[in-house]
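The block underneath contains the structure these notes are about, expressed in structure tokens.
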Amino acid sequence: MKSKHLTGDQLLAALSALSNPHRLRVVAALAAGGRNYVSQLARELNISRPLLHLHLQKLEDAGLVTSQLELSEDGKALNFFEAAPFAIDLTPAMIAEAAATLTNNPEK
């Protein structure tokens, strides 16, 4: 995700996803440690798997992480996540450009 091509809705989703300390820690852990599965990541971050799933879903919906379901050798389904490449160059001009494309108008 490159900030020059973000729509207003994409920018809001990314900023909203990153506005939570748990989600910042998730992105940081995936950036530092690479690809990881939910159970291991939950242990590393010391949060429950259900709570982690909620945060990962928000991050994935915003395009900040990706997931891939794989089967382990013993047949268990493991959902691996990794940080997606993204850069958000937040400038007044970029915000103005993105704002012009917003589909949700709070004034309506």
Sequence neighbours excluded - side-chain hydrogen bond (donor to acceptor under 3.5 Å, both in side chains) pairs with any residue from residues 20-29
Arg23-His55

Is the backbone of Thr103 close enough, under 3.5 Å, to the side chain of Asp9 for a donor and an acceptor to pair up by distance?
yes

Within the side chain of Gln10, is there an N or O that forms a donor-acceptor pair under 3.5 Å with the backbone of Thr7?
yes

Measure the OG-CG distance between Ser39 and Leu78 for me, rounded to the nearest 0.5 Å.
7.5 Å

Would you name the heavy atoms of Ala13 and Ala62 that are closest together and state the gap between them?
O-CB, 3.6 Å

Treating Ile, Leu, Val, Met, Phe, Trp and Tyr as nodes and any side-chain heavy-atom pair under 4.5 angstrom as an edge, say whether Met94 and Phe86 lie in one connected cluster.
yes

Using 0.5 Å steps for rounding, measure from the CZ atom of Phe80 to the CZ atom of Arg35.
5.0 Å

Would a single hydrophobic cluster contain both Tyr37 and Val26, if residues Ile, Leu, Val, Met, Phe, Trp and Tyr are joined by side-chain heavy-atom contacts under 4.5 Å?
no

Give the minimum heavy-atom separation between Ala84 and Gly63, together with the two atoms involved.
CB-O, 3.5 Å

Can you list everything that forms a side chain to side chain donor-acceptor pair (under 3.5 Å) with Ser16? Sequence neighbours excluded, please.
Lys58

Exactly one of Thr66, Asn36, Leu59 clears side chain to side chain contact (heavy atoms under 4.5 Å, CB included) with Leu30, and that residue is Asn36

Whether Thr101 side chain and Gly8 backbone form a donor-acceptor pair below 3.5 Å:
yes

Using side-chain heavy atoms (C-beta onward) and a distance below 4.5 Å, is Phe81 in contact with Glu60?
yes

Inter-residue atom distance Leu90.CG - Ile95.CD1, 0.5 Å rounding
4.0 Å

Shared ILVMFWY cluster between Leu54 and Leu41, side chains joined below 4.5 angstrom?
no

Taking the side chain as every heavy atom from C-beta outward, state whether Leu102 and Leu12 have any atom pair closer than 4.5 Å.
yes

What heavy-atom pair brings Leu64 and Ala14 nearest, and what distance separates the two atoms?
CD1-O, 4.0 Å

Rounding to 0.5 Å, atoms CG (Asn79) and CG (Leu56) come to a distance of 8.0 Å

Quick one about Ser72 and Asp74 (side-chain donor to acceptor, distance below 3.5 Å, no hydrogens or angles considered), yes or no?
yes

Between side-chain atoms of residues 45-53 and protein atoms elsewhere (two or more places apart, or another chain), which donor-acceptor pairs fall under 3.5 Å?
| unit_1 | atom_1 | unit_2 | atom_2 | d |
| --- | --- | --- | --- | --- |
| Ser48 | OG | Leu51 | N | 3.2 |

